[in-house]
Every structure is written in structure tokens, then in C-alpha cells.
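Report on the structure given below.
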Amino acid sequence: MVHIPHLIVGAGPVGLILGHYFKRFNIPFQIFEKQSFLSAHPSAHYLNMRTMEILDELNIQLPLENIQHFSNYVYLRRIGEQPLNSTRQLIDYKQYSYTSYAHLPQSLFVQHVQQGIRDKIQLDTEIKKIEFKDKIIKFNDDITCDYLYGCDGLNGFVRDYLKIKLIGNRDLQRFLNIHFTSKQLVNRLEQYNSMLSFIYNSDITAVIIKHRIEDGTFAIQIPLDLLTGKTDIQEVQHIKQDHVLIKNLINKTLLNQVNDIEIKSVGFWRMGAVYAEQYYKNNCVLVGDACHGMPPAGGFGMNTGIQDAQNLAYKIKEQKDLLYYQQERQQIAQDNIETALKYYNKSLNIAKSFTFDINKLKIYQSVMKNTPDFLYQTGVKLGGSLIELDPIYKRLKVDDYIPLVFPKEEIGFKYNSGDIGENGGQLAPLVVREILRKRERKWYSINQCEQDDCEK
Ligand SMILES: Cc1cc2nc3c(=O)[nH]c(=O)nc-3n(C[C@H](O)[C@H](O)[C@H](O)COP(=O)(O)OP(=O)(O)OC[C@H]3O[C@@H](n4cnc5c(N)ncnc54)[C@H](O)[C@@H]3O)c2cc1C
């Protein structure tokens, strides 16, 4: 029987950051990862100000590209055309933090963050079974630990095994998620300086995420219901293998096609807005996506998880009651979910104002589906184009705005209960006490930033 005092399940971004803190605090640990490699899918990409402070605290250096190349959100019919709208997203970060927010694909993030704790990561090791006996946790029959940290993602095993419920909507929307490279697309997007390109035309509704200029890494997310009329992932599994179809889909976002697309991976993303009703049970603690999931607006998912890891590591180091971890971090998850949902709904409004009536298009497409293929293709093209040209839609203006940087959520921390905060746990103007000792800077509390201008 092997005994590991602190066992982290999952070598995603959150498990790795927790590992770094444990190493720093001399807490003996091991990370078990079920896959034989660290995730290669770029998924999340925005590193917010607090996360960058955490990376600084841990002395983790990342190969960041110039954020100016990722400064805009553009709304287009097709890449190559004049944008319907474009919003510049960068704000002066210096009044909030000594670090700037940054941009890096999650796949590169984990590759770099694993350095320094590589010897603590055991790949190809899946946790499949947990037992509790006399405060000792036994798993997979031959290993025991004192504390187990479920950093195993939203569909992870640990929360499920502990029978901890999720509160909220697990299934807001489903996306086809394609990871690909194209240097030609880098050039096509150069004029927009866009991190996100939202595409609305009669063939496709999608968002293209520019992940990395250096090697032309992109992801495209396409709402499954608009693409296939289906939401059951099992029914559309075949799409994953059909690279010709997938390249065609990508080309539908472009005025002029590119021919250097290389498909890296294709998957489905079930996007939800949920948090766990409990963050720990019997010395098993949930961290990151294992205890929350949120829409991508604001890029809170991975950042909230990384900040959970930091909070938890300090609690473990200082032997605090884990209830404090739950009180503080569950509240942050709820706040961030609320903000992410608000901007997710705004993004739906933007889509409506830039595009045709999606419901009418769906009816139109379903009627056309019963017609012979050549008529269907011509019909969708013709009908779609007419809708695109509809002067009513051209007149509509977007007054809703989705920010990228959220100082309130990124830096301001509000704890109604817990152990952090000088005012009896009421308000915590800081989380990183260690960093604060090192540097003088202005910290924002959530209450100081209630006005709209804090969100811009
Ligand atoms: C397709 C996709 C697209 C996304 N896009 C965005 C986006 O655009 N913006 C955004 O902010 N967020 C996005 N996210 C969410 C973001 O990726 C997550 O918030 C982030 O990965 C959470 O990190 P984590 O470490 O908590 O969990 P994960 O990254 O899910 O890592 C969990 C790890 O645990 C391992 N594991 C699971 N079960 C076990 C087990 N039983 N034993 C051992 N190991 C196990 C897994 O293999 C995995 O490596 C996306 C997610 C997906 C899946």
C-alpha cells in the first residue's frame, strides 16, 4: 500500500497550479492524470489580472504574444468583408494590477506550467474508486491519502462519486469545437486585430478564436443546434471524423477560401452555468471546473479555477477550516457565473441584431430539407442571402457591448463569510497576502466598482 499525503486528481490547469503551491509550501503531493498526455486542445485562452499575479507569485514564465494583436472583438458576415461592428477591448490595467492580463492557449499554458513539477505528475493513472476509513482515503485498492483534491473537470469522477449536486443549468448550449491551424487565416485576420471574430451569415453562425499567431492556431465554436438542427451529441458524432465537411464549415466563415487548414482535433462542448452545492466532503475537496462551469464570456472558467487553487493552498498551508474555502470560493463562483450569464445573454442579443431571425431560418431550413438536394442548396443560398440583405437587419445597431477585461471580477474580491478580510470577513480587498507584503499597489474592492464604468 502506497501513502500519498495530498493527492491531486487531474493535471489540467487547476491541478497543476495547486501542485505548484504545494511544492512552494513543502506540502507532499502527487498528481494523477488519467490521460497519457496533457490536454492538447486550446480551450480557454484569456489569463486575467489575478491569474497573472498568481503566476508571478509562482515565478512561472509564459511565452506570451503581444496582446495588441488580440485587442478587438469583431462582428462580421465573412472574414475579408467590412466588419458590421468592432469593439476595442484593452483597458489600462495599471490602475488595477501590477500585471497585465494576457492571452495564451490553454494547451500551451499546461505545457509550460507542468515544468517544475513534472516529476510529481503520474500520467495514465485514473482514479476509479474511493473508500473512506478512519479519516484515511483509499483509492484504486492500493493507494491511500489524507486529502484528495478533485481537479478533474466538470464531468469528473470525484464530485460524482461524492454525490455532490450541481446547482444551475448544466446544459445551456452545445457547441461543435474545432481546433485547427492555418497561417493563411492569420493573414486574413491581420486587419482586424481580433481575438474573437463573430461570424453571422446565412451559411454559418460561429465564433473564431485566434489562439496563437506564431503557429496559426485557431479554434472555431459553432452552435450545434444551428448547424445540425440537433442537440444530441451522440447523433452527430460522425461529424468529428468528416474533415472535408469541417474544412468546408471553416471556409464558410471566409469571403475567399483558404487552403492550408489542418484539423488538429474536433470535439463537443456542453456549456453550462453551474456550481457545486458543496466544495468538500470527507477530506475530499473540489477545485476548478470540478465545482463550477460557466459560459465563456469574460473568460472566467479557467481563471476562477486557478484562483480557487490559490485560495485552497493557503488554507491547507495555514491549516484553516475548509469551510472557509467553500464559503469564499463558492460565492466567487456564483458572482462570476452571474456575470458570465449576463454577457452570454447579451451575446445572444447581438447575434439577433446582426443576423436574421434564427427561428425563421430554422423553419425555412427544415422545410427546404424535404426538397431535393440541389433545390435545398440553392434555396438556402437564395433565402439566406435575401435575409442577409434585408434592410431591416442592416438598420439594427448593436448597443450591447461585451467587455474582455472585468476589473471587478478579476481583482475585486468580496467575501461575506470566510476567513479572509480585515473587517471580520466582510470585505477582502486582497487575497494574495504574500504578494501584498512584497508590493505596494491599489486594490479594488467589489463595492468600489459597482458602477458601469468599472465594467468597461
Ligand atoms: C471544448 C472546450 C472549450 C472551452 N472553451 C473555453 C473558452 O473558450 N473560454 C473559457 O474560459 N473556457 C473554456 N473552456 C473551459 C476551460 O477549458 C476550463 O474552465 C478549464 O479547463 C478548467 O480547468 P480544470 O483544470 O479545472 O479542469 P480540466 O481542464 O477539465 O482538467 C481536468 C483534468 O482531469 C483529468 N481527469 C478527469 N478525470 C480523472 C480521473 N478520474 N483520474 C485522473 N485524472 C482525471 C482530465 O483528463 C483532465 O486532464 C472550454 C472547455 C472545453 C472542454
Side-chain angles (χ1 to χ4, degrees), residues 8-18 34 39 41-48 50-51 105-107 109-110 149-177 179 207 209 219 221-225 231-233 267-281 284-312 325-326 328-348 402 406 409-410:
I8 298 172
V9 185
V14 174
L16 294 174
I17 291 293
L18 188 61
K34 72 174 176 185
S39 172
H41 195 90
S43 306
H45 48 96
Y46 177 64
L47 303 173
N48 75 22
R50 178 70 73 196
T51 293
Q106 186 175 325
S107 41
F109 180 86
V110 291
Y149 305 91
C151 302
D152 50 348
L154 197 49
N155 300 319
F157 169 78
V158 177
R159 191 195 60 245
D160 222 35
Y161 197 84
L162 297 173
K163 297 198 171 19
I164 295 178
K165 283 196 202 119
L166 286 176
I167 298 169
N169 185 345
R170 175 67 188 89
D171 228 335
L172 268 179
Q173 205 172 359
R174 295 178 180 199
F175 293 93
L176 176 66
N177 198 289
H179 166 204
V207 55
I209 302 142
Q221 291 192 351
I222 307 171
L224 209 51
D225 54 338
T231 50
D232 184 347
I233 288 172
F268 298 100
W269 187 30
R270 195 152 70 97
M271 185 185 84
V274 281
Y275 62 94
E277 64 169 2
Q278 255 177 290
Y279 272 35
Y280 70 100
K281 198 174 182 178
C284 295
V285 197
L286 302 178
V287 202
D289 269 24
C291 50
H292 45 69
M294 42 198 102
F300 294 124
M302 184 173 80
N303 289 298
T304 307
I306 287 171
Q307 292 149 33
D308 291 344
Q310 184 208 37
N311 182 300
L312 175 63
Y325 163 70
Q326 171 169 311
E328 290 160 7
R329 296 311 302 172
Q330 198 181 43
Q331 187 189 337
I332 294 294
Q334 286 173 22
D335 285 352
N336 289 355
I337 287 170
E338 198 183 310
T339 307
L341 264 177
K342 175 176 153 190
Y343 286 99
Y344 165 69
N345 287 326
K346 277 196 174 184
S347 73
L348 296 183
I402 305 176
F406 289 77
E409 285 78 2
E410 293 188 20

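The side-chain heavy atoms of Leu154 and Arg159, taken from C-beta on, include a pair separated by under 4.5 Å. The shortest distance between side-chain heavy atoms of Gln334 and Glu338 does not fall below 4.5 Å. Using a 4.5 Å cut-off on side-chain heavy atoms (C-beta onward), Met302 and Ile306 make contact. Phe268 is not listed as a side-chain neighbour of Arg174, based on a closest heavy-atom distance of 4.5 Å or more. Two residues are said to be in side-chain contact when any heavy atoms from C-beta on lie closer than 4.5 Å; Val207 and Phe175 fail this criterion.
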Please step through side chain to side chain donor-acceptor pair (under 3.5 Å) for the pair Gln307 and Asn48, ending with a clear verdict.
CA-CA 10 Å; Gln307 292 149 33; Asn48 75 22; 3.0 Å; yes
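Here the straight-line distance linking atom OG1 of Thr51 with atom CZ of Phe300 works out to 11.0 Å at 0.5 Å rounding. With values rounded to the nearest 0.5 angstrom, Glu328 atom CD is found 5.0 Å from Asn311 atom CG. For the atom pair CG of Asp308 and CD1 of Ile332, the computed distance is 9.0 Å after rounding to the nearest 0.5 Å. Between the CD atom of Gln221 and the NE2 atom of His179 there is a distance of 12.5 Å, given to the nearest 0.5 Å.
Within a 6.0 Å radius of CD in Glu277, more than 12 heavy atoms belonging to other residues, nucleotides or ligands are found.
Between the side chain of Gln106 and the main chain of His41, no donor-acceptor pair closer than 3.5 Å is present. The backbone N or O of Thr304 sits less than 3.5 Å from a side-chain atom of Arg329, completing a donor-acceptor pair.
When every heavy atom of Asn303 is checked against every heavy atom of Tyr46, the shortest pair comes out as ND2-O, 2.8 Å. In this structure, Ile8 and Cys151 approach most closely via the heavy-atom pair CG2-SG, 3.8 Å. What you find for Ser107 and Pro42 is that their closest heavy atoms are OG-CA, 3.5 Å. Scanning all heavy atoms of the two residues, the minimum distance from Leu286 to Gln278 falls at CD1-O, 3.7 Å.
Residues satisfying the side-chain contact (heavy atoms from CB on, under 4.5 Å) criterion with Ala309, sequence neighbours excluded, are Val14, Ile17, Leu18, Val287. Partners of Tyr161 according to the ring pair (Phe, Tyr, Trp, His ring centres under 6.0 Å) rule, which considers only residues two or more places apart in sequence or in another chain, are Phe157. With sequence neighbours excluded, the residues forming a salt bridge (Lys or Arg N to Asp or Glu O under 4.0 Å) with Arg270 are Asp171, listed by chain and number.
The aromatic rings of His292 and Tyr279 are tilted relative to each other, their planes meeting at an angle between 30° and 60°.
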